[in-house]
Student: 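There's a structure below that I have some questions on.
As the structure is a computational prediction, the values presented were derived from the model and not from experiment. Worth knowing before you read on, the calculation uses all heavy atoms, side chains too, and leaves out hydrogens, waters and symmetry mates.
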Amino acid sequence: MARLRKILNVFISAPLSLFFALVFSYYSGYLREYSLFESVQKLGLACLRYGRKQLLILTAVLFIFLAFTPKKIKLEKMRVFWSAFFSCLLTVLVFLRDGIGAPAFRVLCWGFIFLSASFLLFLYLVYDFEVYLANKNRIKILKDKEYKCAQRLWTDYKYPFVSTVIFGFIAYGWFFVNKILNFDELYNLFGKGAEIESGRWGLPLVSYLIPDVSIPWLWGIIALIMMAVSVCLIVNITGIKNHILQCLVAGVIVSFPAETATMLYMFTVPSYAFAFLLSVFSVKIISTKQGKRALKILLAVLFEVFSVSIYQANVAVTSTLLVLLLIFDLIHESEAEGFFIHFLKKSISYLVFLIISMALYYSVTLVIQKVTGIGFTNYSNRALENSRSVFQKVLYALNTFGDVYSKQINGIVRSEVSEILHVIVIHIGYFSGFYYCIKKNFKWKEKILLFSLYAVILLPLSISCLNLFLNPLSLHAVTMMSYAMIFVFSAKMVELVSEEDLLPGSRNIISLLISVIIIFNTYYSNVIGLRMYIEYENAYSAYTTILSDMQSLPDYKAEYKIALAGVLPEGDFMENFGLTDENSVFGVSSFRNNYSRNELIQQYLGYDVQFASSREVNIIRETEEYKDMPVYPNYGFIRIIDNYVVVKLSEKSEGYFRSN
């Protein structure tokens with residue numbers, strides 16, 4: 001509690017820091033001509049632009065020091081000191097960069113951080129030295145405890161952890177050793193995609209841990225390890241004890257088509273895996289019985305907000321795990337006085353936790369967008385459009401829950417056989433749950449009704465809850481990781497009836513069915529990887545030939561802009577992969593369109609030229625010279641028109657056109 005109080009003092013000093021910085025800024029004359037709100041905006045924007053890394057590192061140093069400062073040091077009471085310290089940093093970030101230049105500014109900031117950290121470390125060592133002398137065996141005791149704890153964790157969770165890694169390598173090994181590309185992966189070779197403009201302000205923060213470069217092998221392994229830890233936490237939360245079911249749950253989660261879709265965006269795979277881990281960890285914190293309740297709620301909210309700030313779809317994972325916890329608590333509890341009141345309070349507390357987390361995330365998003373001046377993109381605004389009534393949204397979400405597993409929507413289920421297997425596994429899970437509930441609580445009909453409400457209504461709603469808030473057309477395979485949690489529900493229900501010998505053969509049946517589903521998922525993930533690889537090879541060869549023909553034109557000049565009109569045609573053999581628009585994973589669609597083919601030519605073919613904008617291409621399309629041109633690959637599909645090298649790839653217009 002004392003350490004928490006020390007850390008809270010830093011938060012209390014933050015308003016004073018901002019006040020000192022604003023006063024200094026105003027009286028220095030730098031921001032005097034602006035209003036108070038404009039001063040706050042400019043100061044915040046300068047800090048975000050010039051010193052995000054330095055500010056974060058220095059704040060982390062201060063937090064670590066305050067959390068572990070010996071009791072003899074009473075620095076937590078020096079709020080004015082810390083406020084002045086932060087205000088000096090803010091003003092240095094704002095003013096000195098323009099005065100001394102960027103290189104000198106960075107040297108000054110890093111030197112300031114190094115000296116501060118050295119000073120704090122010196123204080124800590126001096127004051128805490130005698131404590132270590134008085135406890136000579138302290139380090140050995142700590143090491144023994146850590147070893148026993150690690151040994152216990154490995155014994156309890158080695159099956160799900162190892163299974164996740166093995167199944168992950170089988171499903172995505174091709175992705176790790178080859179550069180699998182889609183339109184976003186091409187465009188974000190050195191980035192993490194849309195950030196603040198999509199409400200994902202956590203991505204820039206993750207960039208300090210995971211650099212902005214797409215590295216398949218390294219990022220894939222890191223993502224697999226984080227997924228393995230997440231699966232272990234899910235097993236711990238839900239209490240699945242059977243080793244075979246643990247392995248199968250791990251395999252079906254890591255090979256789930258939503259994860260396959262995420263792996264296609266290798267530039268952000270570790271970030272999304274980290275967000276998934278944070279989401280699961282927030283559920284673990286909020287559900288544990290140890291510790292102070294207020295502190296647990298605070299930490300869980302912070303983890304959930306950070307998770308959603310990286311990818312908003314994780315709120316569905318959190319809500320689904322919370323509903324599963326309530327269902328498992330309901331089915332385990334014996335009849336006791338006051339149980340329903342306790343269960344109702346827990347349900348309300350979980351709901352309040354989600355509401356607070358989403359409200360805090362939305363508030364922080366609005367503040368960051370206001371400070372930076374970055375608003376939502378048109379894509380994000382369209383995703384927020386949902387004009388249905390509440391009743392219509394609920395019905396649509398429930399229908400979507402059934403359709404995703406029984407129809408080939410967004411690639412979650414990719415064949416008729418897989419559809420049948422999914423439906424059977426879900427029905428076995430529900431039948432086992434109802435059978436167990438009725439057998440164990442035949443006279444307690446209220447409990448059976450509660451189980452029906454939570455399992456039949458709330459669980460499907462939590463899994464497909466994104467349909468309640470977003471435009472369904474904006475949802476795709478990457479957003480559907482929550483749908484994998486239905487296997488956790490079925491596995492747990494079957495384990496319960498098997499332990500009580502109510503349905504002796506059900507565990508073997510569902511184990512066989514999930515194993516076959518994993519085989520299907522693994523097969524299709526490898527098919528997708530092969531398809532994307534072959535498409536890249538074809539596009540690479542085609543564009544190399546086009547550039548060679550273009551340079552062989554007699555009147556060609558390097559300063560001419562290239563106007564790529566139309567879409568590079570795709571071979572009919574691609575249909576052999578069995579991936580159509582209706583049942584393919586989002587992201588498998590061609591990158592031959594104008595959205596990112598410029599990056600393909602510049603970054604992968606090494607041909608750095610200027611490209612005509614969409615407006616310029618549309619003007620060229622109206623000329624008679626263009627209309628007389630044949631289509632690729634016929635002779636004459638390349639022609640120089642008004643200082644543009646025009647390449648007519650097809651008659652139809654481009655898809656996903658991005659203006660230059």
Side-chain angles (χ1 to χ4, degrees), residues 159-176 178 180 182 220 223-224 227-228 230-231 234-235 244-266 269 272-273 276 313 317 320 401 403-426 428-429 463 476-491 509-533 577-580 582-588:
Y159 292 100
F161 186 90
V162 173
S163 299
T164 304
V165 174
I166 292 176
F167 282 119
F169 268 106
I170 295 174
Y172 310 119
W174 182 267
F175 293 64
F176 297 166
N178 293 282
I180 305 300
N182 62 10
L224 269 188
M227 286 296 296
S230 301
V231 170
I234 291 173
V235 168
I244 295 177
L245 291 178
Q246 287 179 352
C247 296
L248 293 176
V249 166
V252 79
I253 289 177
V254 76
S255 67
F256 198 66
E259 185 62 21
T260 302
T262 306
M263 285 291 177
L264 292 173
Y265 302 85
M266 191 58 70
V269 158
Y272 282 11
F276 183 76
V317 175
T320 302
F401 170 78
D403 290 345
V404 165
Y405 298 113
S406 61
K407 299 178 181 178
Q408 297 182 20
I409 299 176
N410 291 327
I412 299 302
V413 178
R414 301 194 188 92
S415 68
E416 294 181 357
V417 176
S418 185
E419 288 178 16
I420 297 172
L421 295 177
H422 277 79
V423 172
I424 293 176
V425 167
I426 294 172
I428 288 177
I463 290 176
H476 43 77
V478 182
T479 66
M480 294 186 172
M481 198 62 200
S482 58
Y483 286 83
M485 298 301 112
I486 196 66
F487 294 99
V488 179
F489 170 77
S490 296
I509 294 174
I510 203 168
S511 297
L512 176 62
L513 295 177
I514 295 178
S515 299
V516 178
I517 290 175
I518 293 173
I519 293 173
F520 270 99
N521 291 343
T522 303
Y523 166 75
Y524 277 105
S525 64
N526 281 274
V527 166
I528 288 170
L530 178 61
R531 182 192 188 279
M532 299 298 290
Y533 176 79
F577 289 102
L579 298 170
T580 62
E582 289 76 22
N583 68 351
S584 65
V585 173
F586 183 81
V588 179

Student: Quick one: OG on Ser255 to CE on Met263, what's the gap to the nearest 0.5 Å?
Tutor: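 So the OG of Ser255 and the CE of Met263 are separated by 11.0 Å.
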Student: Measure the OG-CD1 distance between Ser406 and Ile412 for me, rounded to the nearest 0.5 Å.
Tutor: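 So the gap between those two atoms works out to 12.5 Å.
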Student: Does the pair Val231 and Val254 meet the rule for a side-chain contact (heavy atoms from CB on, under 4.5 Å), with working shown?
Tutor: CA-CA 9 Å; Val231 170; Val254 76; 5.8 Å; no
Student: For Thr522, enumerate each residue passing the side-chain hydrogen bond (donor to acceptor under 3.5 Å, both in side chains) test, keeping only those at least two apart in sequence or located in another chain.
Tutor: none
Student: Identify the two heavy atoms, one from Ala171 and one from Asn526, that lie closest to each other, and give their separation to 0.1 Å.
Tutor: O-ND2, 3.6 Å
Student: Of the non-hydrogen atoms in Gly251 and Phe167, which two are nearest, and what is the gap between them?
Tutor: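 Looks like CA-CD1, 3.4 Å.
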Student: Run the numbers on Phe175 and Met532 for side-chain contact (heavy atoms from CB on, under 4.5 Å), then give the verdict.
Tutor: CA-CA 10 Å; Phe175 293 64; Met532 299 298 290; over 6 Å; no
Student: Can you list everything that forms a side-chain contact (heavy atoms from CB on, under 4.5 Å) with Ile166? Sequence neighbours excluded, please.
Tutor: Val162, Ile170
Student: Identify, with sequence neighbours excluded, every residue that meets side-chain contact (heavy atoms from CB on, under 4.5 Å) alongside Ile509.
Tutor: Ile428, Leu513
Student: Taking all atoms of both residues into account, what is the closest heavy-atom pair of Thr164 and Ala250, and its distance?
Tutor: OG1-CB, 3.2 Å
Student: Would Met227 and Ile253 satisfy side-chain contact (heavy atoms from CB on, under 4.5 Å), going step by step from the backbone distance to the final call?
Tutor: CA-CA 9 Å; Met227 286 296 296; Ile253 289 177; 4.1 Å; yes
Student: Quick one: CZ on Phe161 to OG on Ser230, what's the gap to the nearest 0.5 Å?
Tutor: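 Going from CZ on Phe161 over to OG on Ser230, the span is 10.5 Å.
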Student: Table please: side-chain donor-acceptor pairs of residues 478-486 below 3.5 Å, with sequence neighbours left out.
Tutor:
{"unit_1": "Thr479", "atom_1": "OG1", "unit_2": "His476", "atom_2": "N", "d": "3.3"}
{"unit_1": "Thr479", "atom_1": "OG1", "unit_2": "His476", "atom_2": "O", "d": "2.6"}
{"unit_1": "Ser482", "atom_1": "OG", "unit_2": "Ile463", "atom_2": "O", "d": "2.7"}

Student: Test of understanding: with side-chain contact (heavy atoms from CB on, under 4.5 Å), list the residues that count as partners of Phe169, not counting sequence neighbours.
Tutor: Val165, Phe176, Trp217, Ile221, Leu224
Student: For the CZ atom of Phe256 and the CZ atom of Phe487, what is their distance to the nearest 0.5 Å?
Tutor: 6.0 Å
Student: Got a sec, which residues hit side-chain contact (heavy atoms from CB on, under 4.5 Å) with Ser515, two or more places apart in sequence or on another chain?
Tutor: Leu248
Student: To the nearest 0.5 angstrom, please state how far the CG atom of Leu421 sits from the OG atom of Ser415.
Tutor: 7.5 Å
Student: Please give me the minimum heavy-atom distance between Ile409 and Val404, naming the atom from each residue.
Tutor: CD1-N, 4.2 Å
Student: Between the side chains of Thr260 and Tyr172, is a donor N or O closer than 3.5 angstrom to an acceptor N or O?
Tutor: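 The answer is yes; a qualifying pair exists.
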Student: About how many Å separate CG of Asn521 and OG of Ser418, when rounded to the nearest 0.5 Å?
Tutor: 6.0 Å
Student: For Val249 and Ala491, work out which heavy atoms get closest and say how close.
Tutor: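 For Val249 and Ala491, the tightest heavy-atom pair comes out as CG2-CB, 3.8 Å.
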